Amino acid sequence: MAEPREVMRLEGLRKSYNIGQANEVEVLHGIDLRLDSSDFAALVGPSGSGKSTLLNQIGLLDTPTDGELYLLGQATSDMDDEARTALRGQHLGFVFQFHHLISAFSALENVLMPVMVNQGRPDREAIDRARALLADVGLEKFADSKPTELSGGQQQRVAIARALVTRPALLLADEPTGNLDTKTAADVFALFRRFHQAYGCAVLLVTHDPRLADTCDRTISLIDGCIEP
Amino acid sequence: MWIESTLALRFLRQGRAQTLLILIGIAVGVAVIVFVVALIAGLQDNVIDRTLGTQAHIRVEAPEELNRIAPAPPGTLQLVLEDRRAQTLRPINNWQQVRDVLDGLPGISAVSPIVSGPAFGRRGDAVESVALIGMDLPRYLQVIPLQENMVDGRLQVGSGNAVIGRQLARDLGLRTGGKLRLDAGDGRAAIVNVAGIFELGVRELDARYVYLDLKQAQSLLDLPGGITVIDVTVDELFAADRMAARIAGLTGLRAESWMQTNAQLMNALSSQSISTNMISFFVAISVAFGIASVLAVSVSQRTREIGILRAIGTRRRQMLRVFLVQGAVLGLLGSTIGALAGWSLVAVFNNLGPGLFEVGMPPALIPSAMALATVAGVIAAAVPASRAARMDPVEAIRHG
Ligand SMILES: Nc1ncnc2c1ncn2[C@@H]1O[C@H](COP(=O)(O)OP(=O)(O)OP(=O)(O)O)[C@@H](O)[C@H]1O
Ligand SMILES: [Mg+2]
């Protein structure tokens, strides 16, 4: 594997909700964190500790109240929504607890969706790549199926293929197996591991399952909005 | 735009029932607009056609005779009690010159000098008051298509021939080939041969008009070489009043357009047009609200999908366009169906309706109705589309 490089770095990241109101609350209290391309990390912590909030900041889905987030060396705090969206589409991949496929499109089209919204009509190469990813997650026969025709585990595997089609530098997954049975959850984790090794992309997974967290190379634990050393 | 259109069309196709219902709604609205506008336009054309079948677009006459009031010496107060002067039959001065000027004026397609005045028509003991019209036949026919209204005999004037209306013929018991004595007062009289009988469909004209050639009418009316009216046909019907003003300015004569002569008719026509526009406007509004509400529901239903699309890199303005395109597609598709339906309604009306008149399809009507519906669709989509574009991806994904 290539020399590990920095993918993402947080410096003093803070996030408050309901700013200026009576119920203002700071959820993240100045987080410093670095992820390298070699990282296959689990983010763990009790419910309400701020894991999803942190993941959303890293995923540029939300803006921090204070601090800086570097993605591939670029500072992002001064970027407008357009630039953040572009960066997100280009370098990040997301898998959520619920698969969130676009129901009007087939499995293959869903996998291609990030390519289509970022670059327009997909070329042959992108389609081949999407088919290969579907094959990798064991769904080559379901390329033309609509999401409603797939089981929960199959849908989540399509979502994983979708998160990888743009060859992101960082894959973020918020409780990707929270909705799956133990066996399927282990399979999905194995998939993440395989893609991490195959493409060299950093992976950050939120999970409540200690056994799954143990299979990761690194565990980051978040308690009450602070990272435990 | 490719991905925006793709998403828009897929979303519409997936929301089958909603899409179909709103399309029917738009189609009904547009069909109503197309049918009502075509019907009213047909009706108006018909009324105008009938009116102008017997009238020139512009009537040019000598200016009215006015009293000339001697100015009062300075320092005196002048009280004037004025009666209008009796208007005698006055010729237009230099009418050949005026005719040539009008002939050369762009926007004018026909110029017909006429001499007209009152007389009595007699046969035996029967007497009818008539209006003598002396005209230059080829020029006159360019203004009033008299040849289409002949019911008997030939359209021939000059050499003692006259053409009279059907009602007059009936009143005097005349037939083609009969003799009619015309008496214009002061001992000026002539006996003419009835060469043909016309029916314009306007009782007053069919009972009064006697067509002669210029020379005979001039001598009967004691206006040798003179004419009293110049009838003018213009290219653009509704520019007649502007053209009349122009002619009056150029010649110093009195020029009255058909729009002034038929002020009441014009008034009725324009109120009709206003009510047609009102109907179109309100139908467009309700179409717009229909589209807006369908898309608002769609945005709510797709909140999560919008969130995930934003997460994987869809820009705000792309999201905006996805819904604007849906509005445009609904408007365009619905109005295409509606235009076809409206067109069929017009065809049904023409073939199976009362048959009083033919309803034509104004060429701009269908394209403009479709453009109206499409624009209404885009405008209606603006509110739900901007809601979709402003959606916070984190909130949207967590939703539901
Ligand atoms: N939009 C919001 N407005 C106000 N408070 C919020 C908002 N989002 C999250 N919070 C609060 O921030 C804290 C952290 O929430 P977060 O969802 O990040 O926790 P979590 O670690 O992901 O928990 P879980 O394991 O249950 O998913 C919670 O107390 C939550 O109530
Ligand atoms: Mg969470």
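Each chain gets a letter, A, B and so on, in the order the sequences are listed, and its residues count up from 1. All values derive from a computational prediction rather than experimental measurement.
What you find for B/Trp2 and A/Pro122 is that their closest heavy atoms are CH2-CD, 3.6 Å. In terms of heavy-atom proximity, A/Pro114 sits nearest to B/Ile312 at N-CD1, 3.8 Å. Here the shortest heavy-atom pairing between A/Ser103 and B/Gln14 reads OG-NE2, 2.9 Å. Summarising the geometry of A/Glu109 relative to B/Arg10, their closest heavy-atom pair is OE2-NH2, 2.5 Å, with the distance given to 0.1 Å. The two residues B/Ala311 and A/Phe94 come nearest to each other via the heavy atoms O-CE1, 3.4 Å.
A/Met113 is listed as a side-chain neighbour of B/Leu7, based on a closest heavy-atom distance under 4.5 Å. For the pair B/Arg315/A/Glu82, a side-chain contact is recorded, criterion being any heavy-atom separation below 4.5 Å from C-beta on. Put simply, the side chain of A/Thr85 does not reach to within 4.5 Å of the side chain of B/Arg316, judged on heavy atoms.
In this structure, no portion of A/Thr166 lies under 4.5 Å from any heavy atom of chain B. Heavy atoms closer than 4.5 Å to chain A are found nowhere in B/Arg13, neither backbone nor side chain. Both the backbone and the side chain of B/Glu305 come within contact range of chain A, with heavy atoms under 4.5 Å apart.
Here A/Asp81 is the residue among A/Leu92, A/Leu60, A/Asp81, A/Leu87 with the most heavy-atom pairs under 4.5 Å with chain B. Listed options A/Pro168, A/Ala86, A/Ala104 were ranked by heavy-atom pairs under 4.5 angstrom with chain B; first place goes to A/Ala104.
Remark: A/Arg194 CZ is packed, more than 12 non-hydrogen atoms of other residues, nucleotides or ligands lying under 6.0 Å away. Around the CG atom of A/Asp80, the shell of radius 6.0 Å holds more than 12 heavy atoms that belong to other residues, nucleotides or ligands. When the shell of 6.0 Å around CZ of A/Arg131 is examined, it contains 12 or fewer heavy atoms from other residues, nucleotides or ligands. In B/Asp392, the CG atom is crowded: over 12 heavy atoms of neighbouring residues, nucleotides or ligands sit closer than 6.0 Å. Annotation: B/Phe281, atom CZ; neighbour count of heavy atoms from other residues, nucleotides and ligands within 6.0 Å does not exceed 12. Other residues, nucleotides and ligands contribute only 12 or fewer heavy atoms inside 6.0 Å of the CE atom of B/Met278.
Here the CG-CD1 distance, from B/Leu309 to A/Ile102, works out to 4.0 Å after rounding to the nearest 0.5 Å. Taken from CD in B/Glu395 to CG in A/Leu61, the straight-line distance is 11.5 Å, to the nearest 0.5 Å. Distance check: B/Ile3 CD1 to A/Arg121 CZ gives 10.0 Å after rounding to the nearest 0.5 Å. For the atom pair A/Asn118 CG and B/Thr314 OG1, the distance stands at 7.0 Å (nearest 0.5 Å).
Side-chain atoms of A/Arg88 come within 3.5 Å of backbone atoms of B/Arg310 as a donor-acceptor pair (strictly under, hydrogens ignored).
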